[in-house]
Every structure is written in C-alpha cells, then in structure tokens.
Amino acid sequence: MKKGNLVNVTITASDSEGRGICRIGNFAVFVDESVIGDELLIELTKLNKTYGFGKIINILTPSPHRKAPNCPSFKACGACQLMHIDYDFQLSMKRQVVKDALSKIGGFSNIEVEKTIGMEKPFFYRNKSQFPVCAKKDGFAIGFYQKNSHIAINMESCDVSSPIAMQIANAIRIFMQTHHLKAYNETTHTGLVRHVFVRNTTDENEVMVVLVINGKSLPQSEELVKLLTERFPQIVSIYQNINTKKTNLIMGYENRLLYGKAYLSDTILGKTFHISPVSFYQINHEQTEKLYAKAISLAQISKNDTVFDLYCGIGTITLCLADYAKQVIGVEYVPEAIENAKENAKLNHIDNVSFYAGAAEEIVPKLAKESVKADIVVLDPPRKGAEASLLQTILDMKPKRIVYVSCNPATLARDCKILAESGEYEIKAVQPFDMFCQTSHVETVVLMERQHNHM
Ligand code: SAH
C-alpha cells in the first residue's frame with residue numbers, strides 16, 4: 001500500500017472526531033466525511049505504521065445513515081463534522097464514543113451507557129458564536145475556520161449559530177468594507193479586527209456583541225455602535241476587547257464597554273443569570289436545562305448536605321443545586337465569572353451559597369484543611385479534565401456521590417478511572433447529551449457513588 005493508491009473500502013466504525021474508519025488488512029484508515037455503511041473509492045493520503053488516512057474519491061454505495069447536508073458552508077467549514085449523517089445515527093455514534101472512551105481509557109467494560117439525549121430541532125442552537133476575521137490576499141473573511149486551518153471562510157449563513165449572530169457578522173463585514181477597516185493577519189500580526197463575538201438569549205431578546213481588536217481603540221466605534229443598535233434593537237451590550245498579543249486566545253484581558261449594560265441576562269431552570277463577556281456560559285440553552293436537571297437528580301441532595309460545585313463558571317449549577325442543599329460552595333478560576341456568580345446569588349435571593357475564585361486544585365485542599373467537607377461533589381472541568389491532585393483531595397473527603405459533567409469523554413474516562421481505582425467509588429450512571437449538535441463533540445454526566453461497605 002502506498003500513498004496515492006486508490007482502494008475500494010467499506011466504512012465499519014467511526015472515531016471520536018466523527019471520522020469513518022475502514023480496515024485494509026491490518027491497517028485502520030480514517031476517512032473524513034464518511035459514515036458507517038458507506039462503500040467508497042478512496043485515495044490513501046497518508047500512511048503510518050499501523051494506520052493511515054484517506055479521502056473520498058467516489059461514493060459507490062451510500063450508507064443508509066447518509067443525508068445531504070443542508071448548510072451551504074459544510075464542505076469548507078471546520079466547525080461541524082457530522083452534517084452528512086442522519087441525526088439519530090449521530091446520537092448513537094456519540095453514545096459509542098462515550099462507551100469506547102470508558103472501556104479503552106477507563107477500563108470500564110461493563111458499564112451501561114444511556115442513549116444520547118438529543119434535540120428535537122438540532123440546528124441554530126448556538127447562543128454564542130465567535131467568528132474569526134482574517135485578512136486574505138483578496139480582502140478578508142468573517143466566518144468559522146476552514147477545516148484543519150486557521151483561515152476563516154466568508155460565511156453568510158450557518159446552520160448551528162443563532163440567526164442573529166450571523167446577521168450581525170454580516171453587518172460588521174459591510175461596515176468594515178465601507179470604513180476600510182483592516183482585518184487581522186495572524187502571520188504578520190497586523191490589521192485591526194480579530195474576532196466578532198455574539199452572545200444571545202434563546203429568544204434573541206438580549207444580545208451582546210464584542211469586537212476583538214488588535215489595537216488600543218477602534219476609531220469608528222461611535223458609527224459602529226449607531227449602526228448595530230439601530231439595526232438590531234435587541235443588542236443590550238457592546239464591548240471592545242483589546243487583544244494585541246500574538247496568541248491563539250480569542251479574548252485579550254481588557255474589555256471596554258462601548259454601549260449598554262455590562263452583562264447579558266438569561267434564565268436557566270427559572271433562575272436569572274448575569275453573564276459577562278469573559279465568563280463561560282453553556283452554548284446550547286435547551287440542552288443545558290436537560291443536562292443540569294439530570295445532574296441535580298443524580299446528585300440526590302438532601303437538606304443536610306454540603307455540596308461542592310467545582311469549575312462553577314457564573315454559578316449556574318451552584319444556584320440550581322442550592323434549593324436542595326444545606327449549602328453549596330462554588331469554585332472557579334475566572335474572577336469575572338465569580339463576580340457574576342455572587343451577583344447571581346443575590347439576584348435570585350439565594351443565601352446558602354459561597355464562591356471562591358481560584359484553581360479548584362488549590363482551593364479545595366485549603367477548604368479541606370479548614371475542615372470544610374463535601375457530602376456531594378459536582379465537577380464540570382474544561383476539556384483537559386481535572387488535576388489528579390484534585391481527584392485525590394476529593395477521594396480523601398469521602399463524599400457520598402460524585403457527579404462528573406464532562407465535555408471530553410477521554411479525560412472523563414481517565415478521571416473516573418482514578419476515582420474508581422481507590423476501590424471506594426463505582427460508576428452508577430452514564431448519560432450522554434447532544435450539546436453540540438452536528439459536531440463530533442459530546443457532553444456526558446456520570447454518577448459515581450461511594451460503596452456502602454466503606455461508609
Ligand atoms: N459549570 C459551569 C462551567 C463549566 S466550564 C457551567 O455549566 O456553566 C468549565 C469552567 O472551569 C470554566 O468556567 C473555566 O473558567 C473553569 N476552570 C478552568 N480551569 C479551572 C481550574 N483549574 N479551577 C477552577 N476553574 C477552572
């Protein structure tokens with residue numbers, strides 16, 4: 001087998017990035033935009049010792065799970081990987097990703113993984129879109145990055161972003177053209193406009209816009225504010241974020257409010273939340289409510305319980321848990337998010353919560369030293385998962401239950417393995433959620449319970 005060879009194959013499996021896998025002898029070959037059941041003619045594009053990559057030359061017999069992608073940007077755009085697959089099958093693929101991670105990485109082979117909970121209408125769900133603005137030879141582009149690249153494509157529509165986000169990006173594109181504003185060039189680190197960030201409530205009655213710039217100020221900011229607020233009266237807040245560093249991070253440290261209020265307000269499970277531009281907020285509102293409700297029910301909190309909500313963001317899970325607990329302690333390392341969390345507690349008249357700004361792996365051991373112990377721990381870390389030292393501190397606290405919310409099955413499995421290896425905790429429930437429909441990402445809630453004989 002050589003690079004450049006054309007081969008007839010059948011796709012028999014898929015990986016955690018949504019790629020189809022076929023076997024050629026002992027080789028596993030990964031094929032973009034394929035799906036289980038496809039019979040294909042592929043070209044081998046790269047070969048390693050035991051696996052390789054191929055691209056589709058011809059679909060000989062399409063899989064029954066194939067469908068035509070609706071979104072005109074799908075072919076070029078790197079944001080969605082599964083738009084060519086029928087939705088029910090996307091859900092079952094995600095369940096399999098969670099099963100595979102738990103067995104291959106975690107060593108949990110006989111764990112029941114529930115069916116992925118999906119959306120009725122799995123489109124236009126994103127309440128936050130961050131469109132890169134990129135200088136190009138023939139002008140500039142605003143859209144998502146092209147597949148495997150850091151070059152934006154000019155997108156005028158997107159099937160997963162909220163419609164208003166795309167409309168605002170389109171308005172800013174025209175504004176930049178009229179005012180000859182330069183787009184950012186990552187290679188030369190020149191040009192002014194780097195990103196357009198739009199966050200909105202589901203009904204789009206509140207919208208926040210942040211323009212990320214590589215410079216101290218935007219000379220035409222008054223005109224921009226006027227244009228945006230006249231065209232989109234739903235906009236309640238406009239920021240300029242200053243990011244003059246050569247970095248992949250989208251936001252810089254300085255935010256200047258150009259218009260309106262400092263935050264966006266949204267409600268989750270009947271509670272109101274203020275969200276600042278740098279605070280994390282779940283991007284799929286409908287699924288977030290289902291996810292939180294599940295996490296709360298799995299936690300089985302009673303009125304005597306002290307609960308930890310680690311990686312708490314603006315305190316969304318913390319405040320939803322507070323109704324059932326004696327007290328809830330939220331820990332989060334973005335200080336602005338903790339400010340929001342404290343404000344949100346007041347806003348909802350909740351006083352049995354406290355918040356700490358700092359890394360969970362540093363704050364939790366300190367709390368433990370002061371004999372503040374959790375009866376139940378909820379944790380929702382970023383993709384890289386939790387520090388092993390934090391997991392050890394949690395084990396030492398001997399909570400009754402641990403509810404782990406994760407956006408990365410691989411680190412979830414790794415961390416559950418550490419918790420289970422103590423011999424004291426067992427996985428009792430695994431529920432995947434489709435938060436990022438049409439993409440290969442999957443969100444999961446796992447319940448681990450302390451064994452009764454150790455209690
Ligand atoms: N539970 C929240 C936020 C989850 S996202 C919600 O549902 O909205 C993960 C959060 O962890 C982010 O807010 C991020 O800023 C925070 N974070 C990342 N690393 C951290 C660490 N080491 N300690 C505490 N918080 C951290």
Side-chain angles (χ1 to χ4, degrees), residues 125-128 130 199 201-202 249-251 253 263-269 271-296 298-299 307-322 328-345 348 353-368 374 376-394 402-409 411-412 414-415 431 433 435-436 441-446:
Y125 58 83
R126 283 195 75 101
N127 60 22
K128 179 182 87 173
Q130 308 184 97
R199 185 179 259 161
T201 53
T202 309
L249 293 179
I250 295 175
M251 294 272 209
Y253 292 112
Y263 53 83
L264 189 80
S265 317
D266 202 5
T267 56
I268 295 184
L269 299 176
K271 299 205 160 48
T272 307
F273 295 95
H274 287 180
I275 315 151
S276 80
V278 291
S279 300
F280 176 89
Y281 189 61
Q282 300 285 356
I283 58 120
N284 183 332
H285 187 267
E286 182 183 324
Q287 293 299 86
T288 298
E289 290 199 325
K290 296 181 195 165
L291 172 84
Y292 286 2
K294 184 70 186 183
I296 294 167
L298 290 176
V307 184
F308 282 9
D309 177 21
L310 309 180
Y311 310 87
C312 70
I314 59 166
T316 43
I317 299 181
T318 327
L319 299 188
C320 292
L321 293 170
V328 190
I329 295 171
V331 181
E332 156 68 43
Y333 80 175
V334 172
E336 289 88 345
I338 285 292
E339 274 169 39
N340 285 155
K342 289 179 177 165
E343 198 178 306
N344 292 334
N348 294 286
V353 293
S354 37
F355 291 100
Y356 294 87
E361 58 276 19
E362 285 166 22
I363 302 278
V364 178
K366 278 188 200 151
L367 291 171
I376 288 158
V377 172
V378 176
L379 72 161
D380 182 6
R383 288 188 65 74
K384 69 174 187 192
E387 295 277 325
S389 67
L390 171 65
L391 298 174
Q392 193 50 55
T393 316
I394 294 174
I402 301 170
V403 176
Y404 195 133
V405 181
S406 161
C407 56
N408 183 349
T411 54
L412 169 72
R414 178 200 69 194
D415 292 352
Q431 178 63 66
F433 285 86
M435 281 284 233
F436 316 99
H441 296 277
V442 54
E443 187 88 10
T444 315
V445 186
V446 167

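Atoms within a ligand are numbered from 1 in the order they appear, just like the ligands themselves.
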Does any N or O of ligand 1 fall below 3.5 Å from an N or O anywhere on F280, backbone included?
no
Once you restrict to heavy atoms under 4.0 Å, what part of Y281 touches ligand 1? Side chain, backbone, both or neither.
neither
Atoms of ligand 1 close to T316 [distance to a heavy atom under 4.0 angstrom, numbered from 1]:
6 (C), 7 (O), 8 (O)
Polar contact flag, side-chain donor to acceptor under 3.5 angstrom, Y263-N340
no
Counting only heavy atoms not in K342 (residues, nucleotides, ligands), do more than 12 fall under 6.0 Å from its NZ?
no
In short, R199 meets L264 closest at the heavy-atom pair CG-CD2, 3.7 Å
Output the list of atoms in ligand 1 that are nearer than 4.0 Å to some heavy atom of G358, sorted by atom number.
23 (N), 24 (C)
Under 3.5 Å side-chain donor-acceptor pair for Y404 and D415
yes
What heavy-atom pair brings E443 and C407 nearest, and what distance separates the two atoms?
OE1-CB, 3.4 Å
Donor-acceptor pair, N408 side chain versus P382 backbone, under 3.5 Å?
no
Would you mind listing which atoms of ligand 1 come within a distance below 4.0 Å of any non-hydrogen atom of Y292?
6 (C), 7 (O), 8 (O)
Which residue and non-hydrogen atom of the protein lie closest to atom 9 (C) of ligand 1, and at what distance in Å?
D380 O, 3.3 Å
Run I376 and L321 through side-chain contact (heavy atoms from CB on, under 4.5 Å) and show every step you take.
CA-CA 11 Å; I376 288 158; L321 293 170; over 6 Å; no
For atom 19 (N) of ligand 1, the closest protein heavy atom turns out to be Y333 CZ, 3.4 Å
Just by distance, do the side chain of D309 and the backbone of G330 share a donor-acceptor pair under 3.5 Å?
no
Give me the residue, atom name and distance of the protein heavy atom closest to atom 23 (N) of ligand 1.
A360 N, 2.8 Å
Using a strict 4.0 Å cut-off to heavy atoms of V334, name the atoms of ligand 1 that fall inside it.
15 (O)
Looking only at heavy atoms of P382, does any of them come nearer than 4.0 Å to an atom of ligand 1?
yes
If you compare E362, E443, E332 by their heavy atoms, the one closest to atom 16 (C) of ligand 1 turns out to be E332
Smallest heavy-atom separation, T411 atom then R383 atom, equals OG1-O, 2.9 Å
How far is atom 21 (C) of ligand 1 from the closest protein heavy atom, and which atom is that?
Y311 CE2, 3.6 Å
Donor-acceptor pair, side chain of N127 and main chain of Q282, under 3.5 angstrom
yes
Please list the nearest protein heavy atom to atom 22 (N) of ligand 1 with its residue and the distance rounded to 0.1 Å.
E361 OE1, 3.1 Å
Once you restrict to heavy atoms under 4.0 Å, what part of C312 touches ligand 1? Side chain, backbone, both or neither.
backbone
Residue part near ligand 1, for E387, under 4.0 Å between non-hydrogen atoms
neither
